[in-house]
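What follows is one structure encoded as structure tokens, with my remarks underneath.
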Amino acid sequence: MNLSRRGFLGFTAALVPLHQSATREAPERLDHAGTGGRGARDEPGGTLYLGRYGDGIGIATYDAGGKITGTGTINGIPDPSFVIRDGSFLYVVNEQDAGAVTAIDISGTPKVLNRQLTKGSGPCHLVKVGDHLLSANYGSGDIAVHPIAADGSLGQQTDLVRHEGSAPHAHQVVHAGEYVLAVDLGTDSIYTYTLADGKLTLQHQANVKAGAGPRHLVFHPSGNYAYVADELDSTVTICGYANGVLTVLDTVPTGAGENYPGEVVISADGRFVYVTNRGHNSVSIFRTNGAGLELVGTPSCGGDWPRHATFDPTGRLLFVANQKSNNVVTFLVDQTAGTLTQASEFSTPTPVCVNV
């Protein structure tokens, strides 16, 4: 894949001089993606869908202690590096040069409904907004919009919005109430859009520090702040948020050295923020203090190259996908202190996304 995130280090080395010279994401609701607990559910165990490079989505179950057991694979899905679930349906990116998104019915035996081209390259993130699916194309630096039919299948694309800049790389798209936010690593920007009749309209552009390489953001449950994991300079950018506008307040390092932050998630009560560090092979734990962040610790991720992380619905378990060591590690979360204790690990090919 050209400009593949699979081998991004070589590309980002060339990118830095250009700069020099996470359904469930609305901040108005406490159950946004990336938040441990998602509000109320207290059930033990559940089902995992594992995104990867190669063919097929892994299926697994986990018990109350976090032990994962593989149960099968949904075959015929090329490079499904990011997976979201909406009721009886999965929506998946196909992270290839000729990017696409795939709809899957999981109400019974999993069945692929259809696949639509994004008309961009390297789609790497998805969000469902009403009856539309939005995807972020990393390689081409644009956001694609597809309608979702009543049967869960995807319709023809209704919009494709390219970010302006010398090297745009859209990395995440987030639903925030009446707004859609798109994080772009290449332009060091976060764009705010409104979506109406399948079309995106730009409302605001927030700029982080040049060369930071913003990758993913997560909202504080209050809706007043957002925390942005910066891939290229190993930091978290702290932003204020109101009415679709992000305002940079501060920046903090994720730990010593070059860490290449991958994912950022937050506890349901907003007290702790967790960031995966791929260079350091750790998880940074931050305690929130108003908008601020205080580093609590950087325990091992239990593998190599921790790409993605997500809480189970109770908030008592954190799953970390370690891409290069081919394992998903389960951590027990101390919801009072915020600390992590490794509970188990599960071997699976190139895990880059864990959907609960």
Side-chain angles (χ1 to χ4, degrees), residues 22 24-25 27 29-50 60-69 85 216-222 225-227 229 236 252 254-255 259 261-278 280-289 292-303 305-323 325 327-346 348 351-356:
R24 305 195 304 269
E25 300 196 35
R29 299 192 293 267
L30 295 182
D31 60 346
H32 60 82
T35 298
R38 284 191 245 161
R41 182 177 149 188
D42 197 34
E43 303 170 11
T47 301
L48 303 177
Y49 295 95
L50 306 175
T61 59
Y62 66 95
D63 64 18
K67 181 181 178 181
I68 300 172
T69 302
R85 180 176 180 176
H216 282 188
L217 69 76
V218 68
F219 282 105
H220 188 276
S222 68
Y225 313 114
Y227 302 101
V236 175
V252 297
T254 60
N259 292 325
E263 185 60 276
V264 55
V265 295
I266 191 168
S267 60
D269 59 10
R271 295 177 59 215
F272 298 101
V273 171
Y274 301 83
V275 180
T276 61
N277 297 312
R278 290 170 292 173
H280 192 240
N281 284 337
S282 64
V283 180
S284 292
I285 305 170
F286 293 95
R287 180 181 292 110
T288 61
N289 179 14
L293 294 176
E294 174 192 354
L295 186 64
V296 173
T298 55
S300 168
C301 66
W305 211 249
R307 173 75 167 265
H308 185 246
T310 192
F311 290 100
D312 84 312
T314 71
R316 296 194 296 261
L317 303 175
L318 181 70
F319 300 104
V320 176
N322 293 307
Q323 179 180 349
S325 54
N327 67 335
V328 176
V329 174
T330 306
F331 292 91
L332 302 179
V333 181
D334 184 321
Q335 294 176 297
T336 300
T339 54
L340 301 175
T341 301
Q342 183 171 333
S344 64
E345 66 173 302
F346 172 70
T348 187
V352 293
C353 176
V354 182
N355 176 271
V356 179

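Along the sequence shown, the residues carry numbers beginning at 1.
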| note | Closest non-hydrogen contact found for Gly302 with Phe331 is N-CZ, 4.4 Å
| said: Side chains of Leu293 and Val273, heavy atoms from C-beta outward: is any pair under 4.5 Å? | reply: yes
| request: May I ask you to test the Phe319-Val356 pair for a side-chain heavy-atom distance under 4.5 Å? | output: yes
| Is a donor on one side and an acceptor on the other found under 3.5 Å between the side chain of Thr288 and the backbone of Arg271? | yes
| Flag, side chain of His216 to backbone of Glu263, donor-acceptor distance under 3.5 Å | no
| field | Val329 side chain near Glu345 side chain, heavy-atom distance below 4.5 Å | value | yes
| message | Measuring only between side-chain heavy atoms, which start at C-beta, is Tyr227 closer than 4.5 Å to Ile266? | response | yes
| field | Leu340 vs Leu332, side chain to side chain contact (heavy atoms under 4.5 Å, CB included): CA-CA, chis, key distance, verdict | value | CA-CA 6 Å; Leu340 301 175; Leu332 302 179; over 6 Å; no
| task | Please name the pair of heavy atoms, one in Val283 and one in Asn277, separated by the smallest distance, quoted to 0.1 Å. | result | C-ND2, 4.2 Å
| message | Any heavy-atom pair between the side chains of Ile285 and Pro299 that's under 4.5 Å? | response | yes
| task | Evaluate the side chain to side chain contact (heavy atoms under 4.5 Å, CB included) criterion for residues Leu317 and Val333: first the C-alpha distance (whole Å), next the side-chain angles of each, then the deciding distance (0.1 Å), finally the verdict. | result | CA-CA 6 Å; Leu317 303 175; Val333 181; 5.7 Å; no
| task | Could I get the full list of side chain to side chain contact (heavy atoms under 4.5 Å, CB included) partners for Asp63, not counting sequence neighbours? | result | Lys67
| note | Distance col, row Asp334:CG vs Phe272:CZ, nearest 0.5 angstrom, shows 7.5 Å
| message | Any side-chain to backbone donor/acceptor pair from Ser325 onto Gly303? Under 3.5 Å, distance only. | response | no
| Sequence neighbours excluded, which residues qualify as side chain to side chain contact (heavy atoms under 4.5 Å, CB included) partners of Asn281? | Cys301, Asp304, Pro306
| said: Could you check whether any side-chain N or O of Arg278 sits under 3.5 Å from a backbone N or O of Pro261, counting only pairs where one atom can act as donor and the other as acceptor? | reply: yes
| query | Okay, side chain of Asp312, backbone of Gly315: is any donor-acceptor separation there less than 3.5 Å? | reply | yes
| message | To the nearest 0.5 Å, what is the distance between CG on Asn355 and OH on Tyr49? | response | 8.0 Å
| How close do Ala60 and Ile68 get, heavy atom to heavy atom, and via which atoms? | CB-CG2, 3.6 Å
| task | Could you check Arg307 against Val352 for side chain to side chain contact (heavy atoms under 4.5 Å, CB included), going step by step and ending with a plain yes or no? | result | CA-CA 6 Å; Arg307 173 75 167 265; Val352 293; 3.3 Å; yes
| note | What one should report as the nearest heavy-atom pair of Pro313 and Tyr62 is CD-OH, 3.4 Å
| Got a sec, which residues hit side chain to side chain contact (heavy atoms under 4.5 Å, CB included) with Thr298, two or more places apart in sequence or on another chain? | His280, Ser282, Ser284, Leu295
| message | With heavy-atom distances below 4.5 Å as the criterion, would you say the side chains of Thr348 and Val328 are in contact? | response | yes
| request: Please find out if less than 6.0 Å separates the ring center of Tyr274 from that of Phe311. | output: yes
| Minimum-distance pair of heavy atoms, taken over all atoms of Val218 and Val264 | CG1-CG2, 3.6 Å
| field | Spatial distance of atom CG (Leu50) from atom CZ (Phe346) [nearest 0.5 Å] | value | 6.5 Å
| task | Answer whether the closest heavy-atom distance between the side chains of Glu294 and Asn289 falls below 4.5 Å. | result | no
| Among Thr310, Val265, Thr330, which one satisfies side-chain contact (heavy atoms from CB on, under 4.5 Å) with Leu318? | Val265
| Cys353 to Ala321 - nearest heavy-atom pair and separation | N-CB, 4.3 Å
